[in-house]
Amino acid sequence: MRPTAAISWSGGKDSCAAYHRARSDFDIVCAITMFNGDGTRSRSHGLRPEILRAQVERLGIASITERCEWDTYDAAFDRALSEAARLGVKHVVFGDILFDEYKQWAERLASGRNMTAVEPLWRQPTDRLYRDFLDIGGRARIVTIRQTQLDDSFLGRELDKDLLPLFADRGVDPCGENGEYHTVVTDCPAFARPLSVRATGRAINSGCVAEDLVLDD
């Protein structure tokens with residue numbers, strides 16, 4: 001039997017890529033997602049809860065959510081881990097790639113619940129991870145861009161290999177590891193069916209432009 005695990009699920013390509021890399025070794029039974037204090041937006045990518053809910057439903061696993069402010073994020077994530085433990089979870093899969101502080105945070109929170117943090121993407125070349133995501137049939141839409149590095153023409157674009165040289169010309173990491181962009185996954189091999197979304201507007205915050213997406217099923 002495979003060990004039971006949870007996935008830290010942002011709704012973006014990296015958590016999805018981590019899920020696919022880990023699912024042959026782990027029985028992933030639930031997704032953990034943090035939302036803002038009033039529950040209207042995800043903390044990581046600013047997505048509406050119905051979009052995250054639709055993604056997790058397509059994965060066919062349980063959803064564990066918590067609401068928090070940034071200064072209460074750790075406590076909220078710990079509560080989510082406590083709920084996951086009741087499902088028999090002993091491992092937590094994260095989509096960290098480059099930054100030691102993120103990996104150390106994941107390890108600290110997981111170990112506090114006698115769980116093991118699993119990092120399937122850790123220190124992999126980001127251009128390879130980008131291509132691997134596309135090669136497995138992953139589809140994702142750019143939902144947020146940082147204005148200092150990407151212009152508005154990138155917002156709403158679907159990831160494809162043609163974007164890689166455009167990213168390189170602008171000094172953008174292929175996976176957006178420096179916060180250059182965020183995505184929402186609309187399809188992958190683990191989804192029971194694709195996800196259709198549409199933009200109803202845009203918002204600017206702290207130098208980033210984000211689409212306001214709703215389901216369009």
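Any value given below was found using the heavy atoms of this structure, including those in side chains, with hydrogens, waters and symmetry copies removed.
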| request: Show your working on side chain to side chain contact (heavy atoms under 4.5 Å, CB included) between Trp122 and Ile97 and close with a plain yes or no. | output: CA-CA 4 Å; Trp122 185 246; Ile97 303 174; 5.5 Å; no
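- For CG of Asp216, the number of neighbouring non-hydrogen atoms (other residues, nucleotides, ligands) closer than 6.0 Å is greater than 12.
- Minimum interatomic distance between Ile136 and His20 (heavy atoms only, all atoms of both residues): CD1-CG, 3.8 Å.
- Atom NZ of Lys90 is separated from atom CG of Asp27 by 14.5 Å, given to the nearest 0.5 angstrom.
- Taking Ile, Leu, Val, Met, Phe, Trp and Tyr as members and joining any whose side-chain heavy atoms lie under 4.5 Å apart, directly or through other members, the hydrophobic cluster of Val89 also contains Val29, Ile32, Met34, Ile64, Trp70, Tyr73, Phe77, Leu81, Leu87, Val92, Phe94, Trp105, Leu109, Met115.
- The pair Arg113-Asp78 counts as a salt bridge, with a side-chain nitrogen and a carboxylate oxygen less than 4.0 angstrom apart.
- Criterion: ILVMFWY side-chain heavy atoms under 4.5 Å apart, direct or through other members. Under it, Val214 and Ile51 are not part of a common hydrophobic cluster.
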| message | What verdict does the side chain to side chain contact (heavy atoms under 4.5 Å, CB included) test give for Arg198 and Asp212, after you've listed the backbone C-alpha separation in whole Å, the side-chain angles of each residue and the deciding distance to 0.1 Å? | response | CA-CA 8 Å; Arg198 60 182 173 86; Asp212 184 10; over 6 Å; no
| field | Trp9/Val56 under side chain to side chain contact (heavy atoms under 4.5 Å, CB included): CA gap, chis, key distance, verdict | value | CA-CA 9 Å; Trp9 185 261; Val56 176; 4.1 Å; yes
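- Arg43 has a carboxylate O that lies under 4.0 Å from a charged side-chain N of Glu69, or vice versa, which qualifies the two as a salt bridge.
- Residues Glu83 and Arg79 are not paired through a salt bridge, judged by the lack of any N-O separation under 4.0 Å between the basic side chain and the carboxylate.
- Nearest heavy atoms, Cys68 versus Ala76: CB-CB, 3.6 Å.
- Hydrophobic clustering (side-chain heavy atoms under 4.5 Å, transitive across Ile, Leu, Val, Met, Phe, Trp, Tyr) groups Leu195 together with Ile7.
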| request: Evaluate side chain to side chain donor-acceptor pair (under 3.5 Å) for Thr126 paired with Asp173, printing each intermediate quantity in order. | output: CA-CA 7 Å; Thr126 52; Asp173 179 82; 2.9 Å; yes
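- Ion pairing of Asp187 with Arg58 is absent here, as no side-chain N (NZ or NE/NH1/NH2) approaches a carboxylate O to less than 4.0 Å.
- A salt bridge links Lys161 with Asp135: at least one charged nitrogen is closer than 4.0 Å to a carboxylate oxygen.
- Taking every heavy atom of both residues into account, Gly171 and Gln149 meet most closely at O-NE2, 3.7 Å.
- Here the straight-line distance linking atom CG of Asp152 with atom CD1 of Ile204 works out to 7.0 Å at 0.5 Å rounding.
- Both Leu155 and Leu150 are members of a single hydrophobic cluster when ILVMFWY side chains are connected at heavy-atom separations under 4.5 Å.
- When every heavy atom of Ala18 is checked against every heavy atom of Pro120, the shortest pair comes out as O-CG, 3.7 Å.
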Per-pair distances, 0.1 Å, donor-acceptor, side chain in residues 127-134, under 3.5 Å, sequence neighbours excluded:
from	atom 1	to	atom 2	distance (Å)
Tyr130	OH	Asp160	N	3.3
Tyr130	OH	Asp160	O	2.7
Asp132	OD2	Arg21	NH2	2.9

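- The side-chain contact (heavy atoms from CB on, under 4.5 Å) test with Val184 is passed by exactly one of Glu211, His45, Arg141, Arg139: Arg141.
- Proximity of Thr40 to Phe35: side-chain heavy atoms (C-beta onward) are nowhere separated by under 4.5 Å.
- By the rule that hydrophobic residues join a cluster once side-chain heavy atoms approach within less than 4.5 Å of another member, Leu47 and Tyr19 end up as members of one cluster.
- Hydrophobic clustering, with ILVMFWY side chains joined whenever heavy atoms are under 4.5 angstrom apart, groups Tyr181 together with Leu166.
- Here Ser44 pairs with Ser10, Ser42 under the side-chain contact (heavy atoms from CB on, under 4.5 Å) rule; sequence neighbours left out.
- Here the closest non-hydrogen pair linking Lys13 and Ala140 is CB-CB, 4.4 Å.
- Contact record, Ile61 with Ala31: CD1-N, 3.8 Å, taken as the closest heavy-atom pair.
- Distance CZ/Arg48 to CG/Leu215: 9.5 Å, rounded to 0.5 Å.
- Taken to the nearest 0.5 Å, the CZ atom of Arg41 stands 11.0 Å off from the CG atom of Leu52.
- With hydrogens and angles ignored, the 3.5 Å screen pairs no side-chain donor or acceptor of Arg146 with any backbone N or O of Glu180.
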| query | Would Val185 and Phe191 satisfy side chain to side chain contact (heavy atoms under 4.5 Å, CB included), going step by step from the backbone distance to the final call? | reply | CA-CA 10 Å; Val185 172; Phe191 277 10; 4.0 Å; yes
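- Contact annotation: the side chain of Thr4 never approaches that of His91 to less than 4.5 Å [non-hydrogen atoms, C-beta and beyond].
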